[in-house]
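Structure first, commentary second.
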Amino acid sequence: VSVNVKDERKAVFVGGLWKFKGVHLLPKIAEAVNKKIDKFKLLVIGKPYELTLKETECIKPLGFISKEALIKEVSSAKAYLHPAIYESFGVSIAEAIMLGTIPIVSNRTGIKEFLPKELVANSLNEFIEKTIQVMRLSKEEYYDLITKIGERLEPKVKRETSINEFKRVIEAFIFDK
């Protein structure tokens, strides 16, 4: 996990703009967080499929951006917001963690199994509160938390580990019959 200099007022969302990813909740989240974190800004990166977000004082839709710009924006954000209504496993969330950005996710995404419960929200209000808590972490608290999350997640998302786990499950299934 690499931790770059964080913009203390910036969060990101990355993904296609679909309702199932909770994109329609982002304006409400950003407005609520902005009331507690002065000049808070949520960058929304991704193609508008089902929804289009308008730029406001606290939301900036960027659409598609280059890979280099994407890495820069995610790694400099203090939080990665993912309020999914449904998401089997958000790869972009794991990528954000590896870039040193703390995610806040809904309880409707598969990656929640790999995150501390403090970063998994069971309601919209809880999502907003957890976002505010992450945005208020000191540099030391932030670094400690992202390091622990990365250490826990990294072995589970490495290609070799993933392939070996897949083979183990298939073999167990075949030989159990």
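Note that these values count all heavy atoms, side chains included, but never hydrogens, waters or copies made by symmetry.
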Distance, nearest 0.5 Å, that separates CD of Glu126 from OG of Ser106:
11.0 Å
Any heavy-atom pair between the side chains of Leu51 and Tyr49 that's under 4.5 Å?
no
Any Lys/Arg nitrogen of Lys21 or Glu87 sitting under 4.0 Å from an Asp/Glu carboxylate oxygen of the other?
yes
Kindly indicate whether the side chain of Val44, heavy atoms from C-beta on, has any atom under 4.5 Å from the side chain of Lys60.
no
Return the minimal non-hydrogen interatomic distance between Ile59 and Pro27, and the atom names on each side.
CD1-CA, 3.4 Å
To the nearest 0.5 Å, what is the distance between CG on Leu81 and OG1 on Thr131?
4.5 Å
Minimum heavy-atom separation for Arg108 and Ile85, please, with both atom names.
CB-O, 3.1 Å
Separation between CD1 of Ile146 and CD of Glu151, rounded to the nearest 0.5 Å
10.5 Å
Measure the CG-CZ distance between Asn34 and Phe40 for me, rounded to the nearest 0.5 Å.
7.5 Å
Exam field: side chain Thr52 to backbone Pro48, donor-acceptor pair closer than 3.5 Å:
no
I'd like to know if Ile65 and Ile71 are part of one continuous hydrophobic network [Ile/Leu/Val/Met/Phe/Trp/Tyr, side-chain heavy atoms within less than 4.5 Å].
yes
Spell out, yes or no, whether Val91 and Val105 are grouped together once hydrophobic residues are joined by side-chain heavy atoms under 4.5 Å, including indirect joins.
yes
Check Leu25 against Pro83 and note the closest heavy-atom contact, atom names and distance.
CD1-O, 3.8 Å
Shared hydrophobic cluster, Leu124 / Phe20 (ILVMFWY, side-chain heavy atoms < 4.5 Å)
no
For the residue pair Thr101 / Lys6, report whether a side-chain donor-acceptor contact shorter than 3.5 Å exists.
yes
So do Phe114 and Arg152 actually touch side chain to side chain, heavy atoms under 4.5 Å?
no
Same cluster for Leu62 and Trp18 if Ile/Leu/Val/Met/Phe/Trp/Tyr side chains link at under 4.5 Å?
no
Do Ile102 and Tyr80 have side-chain heavy atoms sitting under 4.5 Å apart?
no
So which heavy atom on Ile132 is nearest to which on Ala32, and how close?
CD1-O, 4.5 Å
Between CD1 of Ile111 and CG of Leu115, what distance do you get to the nearest 0.5 Å?
5.5 Å
Run the salt-bridge test on Arg136 and Glu141 with the 4.0 Å N-O cut-off and return the result as yes or no.
no
Any Leu43 side-chain heavy atom under 4.5 Å of Phe13 side chain:
no
With a 4.5 Å limit on heavy-atom distance, are the side chains of Ile29 and Leu42 in contact?
no
Please check if any side-chain donor atom of Ser92 sits under 3.5 Å from a side-chain acceptor atom of Glu95, or the reverse.
no
Heavy-atom side-chain proximity of Pro103 to Ile97 below 4.5 angstrom
yes
Minimum heavy-atom separation for Glu118 to Lys130, with atom names?
O-NZ, 3.0 Å
Give me each pair satisfying salt bridge (Lys or Arg N to Asp or Glu O under 4.0 Å) with a member in residues 26-48, each pair once, sequence neighbours excluded.
none
Before you tell me yes or no, could you show the steps for His24 and Glu50 under side chain to side chain contact (heavy atoms under 4.5 Å, CB included), namely the whole-Å CA-CA distance, both residues' side-chain angles and the distance that decides it to 0.1 Å?
CA-CA 10 Å; His24 60 293; Glu50 189 179 16; over 6 Å; no
So Val23 and Leu53, do their side chains get closer than 4.5 Å, heavy atoms only?
yes
To the nearest 0.5 Å, atom CD of Glu129 lies from atom CD of Gln133 at 6.5 Å
When you look at Lys78 and Glu8, which way does the salt bridge (charged side-chain N to carboxylate O under 4.0 Å, His left out) test go after all the steps?
CA-CA 6 Å; Lys78 194 156 184 189; Glu8 297 292 318; 2.6 Å; yes
On a heavy-atom basis, the closest approach of Ala79 and Val134 is CB-CG1, 4.1 Å
